[in-house]
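Below you'll find the structure, written out as structure tokens, and then a few comments.
One-based numbering along the sequence shown.
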Amino acid sequence: MVCNNYHTVEERFCNWLLMMYNCCGNSKLRLTHSQIANYLGVHRPSLTHIAKKLRDRQVIDYCRGKLSILNLRELQNQACECYHEEENIF
């Protein structure tokens with residue numbers, strides 16, 4: 001996937017969360033950092049570090065297998081342009 005080669009893990013994580021939000025229609029997701037890290041092909045500690053940064057900026061919140069999107073607009077701003085391209089396809 002081209003996205004993996006050109007965009008940061010943080011951008012890809014935001015992109016993935018937005019796609020999950022669009023599929024589920026729910027800002028509360030039952031996912032662990034390990035599950036997300038496996039999907040993105042990164043180490044869990046890296047993902048946890050990024051999730052903490054997003055939580056500190058009040059974009060998301062999480063606790064034990066539950067992740068909530070708090071600020072959809074900011075999450076969209078943090079996503080790579082691949083999300084915006086996919087958004088325009090539909």
[X] [atom1] to [Y] [atom2] distance, which is reported to the nearest 0.5 Å:
X: Met20; Y: Ser27; atom1: CE; atom2: OG; result: 13.0 Å
X: Leu67; Y: Arg30; atom1: CG; atom2: CZ; result: 12.0 Å
X: Ile36; Y: Leu31; atom1: CD1; atom2: CG; result: 4.5 Å
X: Asn26; Y: Ile69; atom1: CG; atom2: CD1; result: 8.5 Å
X: Phe13; Y: Leu47; atom1: CZ; atom2: CG; result: 4.5 Å
X: Ile60; Y: Glu74; atom1: CD1; atom2: CD; result: 12.0 Å

Residue pairs fulfilling ring-ring contact (aromatic ring centres under 6.0 Å, His included) with at least one residue in residues 23-48, sequence neighbours excluded: Trp16-Tyr39, His33-Tyr62
Who are the side chain to side chain contact (heavy atoms under 4.5 Å, CB included) partners of Asn38, not counting sequence neighbours? none
Across all chains, not counting sequence neighbours, the side chain to side chain contact (heavy atoms under 4.5 Å, CB included) partners of Arg73 are Asn71, Gln76, Asn77
With sequence neighbours left out, write down each residue that passes salt bridge (charged side-chain N to carboxylate O under 4.0 Å, His left out) with Arg57, or none if nothing qualifies. Glu10
In chain order, what residues pass the side chain to side chain donor-acceptor pair (under 3.5 Å) check against Lys66, with sequence neighbours excluded? none
State which residues pass side chain to side chain donor-acceptor pair (under 3.5 Å) with Lys52; sequence neighbours excluded, sorted by chain then number. Asp56
Distance-minimising heavy-atom pair for Thr32 and Gly65: CG2-CA, 3.9 Å
Considering all heavy atoms of both residues, which atom of Arg44 and which atom of Ser34 are nearest to each other, and what is their separation? CD-OG, 3.4 Å
Do the non-hydrogen side-chain atoms of Thr8 and Ile50 ever get within less than 4.5 Å of each other? no
Common cluster, Met19/Leu72, ILVMFWY with side-chain heavy-atom separation under 4.5 Å: yes
